[in-house]
Amino acid sequence: MALAVPTSLSPSKVSSFRDCALAFRFSAIDRLPEPPTVPAAKGTVVHRALELLHCLPNADRTPAAAQECLVQAMDDVLSSDEYAPLALAAEQREAFHAEAAELVRRYFGIEDPRTIDAIGMELKLEAEVGGVVLRGIIDRLELGPDGELVVTDYKTGRVPSERFEQGRLGGVHFYAYLCEAVLGRRPAKVQLLYLAEPVAIVAEPSDQSIRGLQKKVGAIWSAVERACEREDFRPNPGRLCDWCSFKAHCPAFGGELPAVAVQPPQPQLLSA
Ligand code: SF4
């Protein structure tokens with residue numbers, strides 16, 4: 001019996017399929033629950049803090065204000081249904097706060113938020129390409145000094161090695177494509193802000209990069225359809241297994257595959 005084909009793709013699902021087809025199946029098709037993790041919570045908190053910061057008038061976006069935004073973001077995120085189960089003890093919460101505060105501090109080493117003219121944050125965009133629905137959430141869309149659109153994505157993990165850099169930028173080209181398809185304008189620049197370093201990786205979308213993105217999405221979608229038809233999503237054991245939520249189910253580690261999809265995929269946003 002063939003597995004149900006997912007209804008959409010997001011940048012994270014594209015890289016999940018490329019990293020390990022089986023982990024993709026567990027998440028996008030079987031929809032096994034993924035328990036919250038501290039790194040994911042930290043990323044969400046820092047994103048929220050920067051979102052709050054950019055909601056302030058430009059002149060008020062100071063490092064001190066950013067730390068106040070962080071306190072509010074921690075309260076919002078750690079009490080949410082998604083992350084409350086982490087139930088951090090006081091000491092863990094203190095360490096969490098210190099690490100998140102450092103990331104927010106380092107953000108100011110990349111740019112001065114008082115100069116940023118954000119026109120959208122946490123923007124949910126959706127478009128169809130070759131019969132596939134692409135969905136994504138853009139962290140920040142802004143108008144550059146020359147009035148051109150700029151897409152910004154915050155990263156709280158480490159900068160990828162050169163070998164993986166194009167893959168990470170592929171996600172940003174994905175957002176550039178969505179922007180052009182939905183808003184009718186191609187961004188002049190897409191950038192990943194790696195807060196921990198801190199460093200920005202910047203790319204300029206072109207006809208070639210957009211064509212490349214369309215080709216890549218088409219190829220991945222065909223591979224997903226084929227894998228569903230054949231029920232053939234293979235594990236790809238490697239260093240990512242250490243962080244995989246599905247290790248207990250993975251045959252590469254003695255687990256058992258679900259007999260059929262736990263529930264058919266719903267037409268909802270797969271996390272970006
Ligand atoms: S444990 Fe490793 S091989 Fe297994 S599903 Fe997760 S990432 Fe893939």
Side-chain angles (χ1 to χ4, degrees), residues 1-44 46-47 82-83 85-86 132-137 153-175 192 194 196 201 213 216-266 268-272:
M1 179 175 59
L3 294 167
V5 180
T7 55
S8 61
L9 276 181
S10 66
S12 66
K13 295 300 171 199
V14 168
S15 50
S16 159
F17 185 76
R18 287 160 62 115
D19 289 339
C20 176
L22 183 57
F24 172 90
R25 174 193 154 163
F26 286 144
S27 170
I29 297 174
D30 297 311
R31 305 186 68 211
L32 298 179
E34 295 181 56
T37 65
V38 170
K42 204 177 302 154
T44 305
V46 171
H47 277 70
E82 187 176 0
Y83 291 109
L86 280 176
V132 187
V133 176
L134 302 184
R135 290 179 165 142
I137 302 176
D153 198 40
Y154 304 120
K155 297 287 178 194
T156 50
R158 286 186 320 193
V159 175
S161 64
E162 219 170 289
R163 189 157 73 91
F164 291 108
E165 186 178 312
Q166 280 311 312
R168 293 293 174 264
L169 276 172
V172 188
H173 287 306
F174 195 111
Y175 298 133
L192 304 177
Y194 280 89
I201 296 179
L213 182 273
K216 186 172 93 175
V217 167
I220 286 183
W221 191 249
S222 300
V224 169
E225 286 181 321
R226 254 193 328 271
C228 285
E229 180 59 37
R230 298 173 186 167
E231 287 190 49
D232 184 13
F233 287 88
R234 296 183 190 179
N236 180 24
R239 62 188 175 83
L240 290 178
C241 300
D242 290 344
W243 295 278
C244 180
S245 306
F246 310 114
K247 210 168 174 178
H249 301 278
C250 178
F253 293 89
E256 275 189 31
L257 290 177
V260 290
V262 171
Q263 61 182 98
Q266 305 296 311
Q268 65 175 22
L269 179 65
L270 298 171
S271 61

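One-based numbering, in listed order, for ligands and for the atoms of each. These numbers were taken from a predicted model, which means no experiment stands behind them.
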Query raised in the report: Got an N, O or S from C244 under 2.8 Å of atom 4 (Fe) of ligand 1?
Result: no

Report task. With side-chain contact (heavy atoms from CB on, under 4.5 Å) as the test, would you mind laying out the steps for L86 and V38 before giving the verdict? Result -> CA-CA 7 Å; L86 280 176; V38 170; 4.3 Å; yes

Query raised in the report: Is F253 in contact with ligand 1, taking contact as a heavy-atom separation below 4.0 Å?
Result: yes

Query raised in the report: Out of curiosity, is N236 lining ligand 1, as in a heavy atom under 4.0 Å away?
Result: yes

Query raised in the report: Hey, does L257 have a side-chain heavy atom less than 4.5 Å from the side chain of L22?
Result: yes

**Report entry** Protein heavy-atom partner closest to atom 8 (Fe) of ligand 1 - residue, atom, separation in Å
**Finding:** C20 SG, 2.3 Å

Report summary line: If you scan protein heavy atoms around atom 4 (Fe) of ligand 1, the nearest is C250 SG, 2.4 Å

Query raised in the report: Any N/O/S of C241 under 2.8 Å from atom 8 (Fe) of ligand 1?
Result: no

Query raised in the report: What's the shortest heavy-atom distance between F233 and A21, and which atoms?
Result: CD2-O, 3.3 Å

Query raised in the report: What are the two closest non-hydrogen atoms of P11 and R135, and how far apart are they?
Result: CD-O, 3.5 Å

Report task. Apply the side chain to side chain contact (heavy atoms under 4.5 Å, CB included) test between Y175 and each candidate in I137, D153, L213, L134; give the one that qualifies. Result -> D153

Query raised in the report: Of all the atoms in ligand 1, which lie at a distance below 4.0 Å from a heavy atom belonging to P237?
Result: 3 (S)

Query raised in the report: How far apart are the C-alpha atoms of V46 and Y154, what are their side-chain angles, what is the distance that settles it, and do they pass the side-chain contact (heavy atoms from CB on, under 4.5 Å) test?
Result: CA-CA 9 Å; V46 171; Y154 304 120; over 6 Å; no

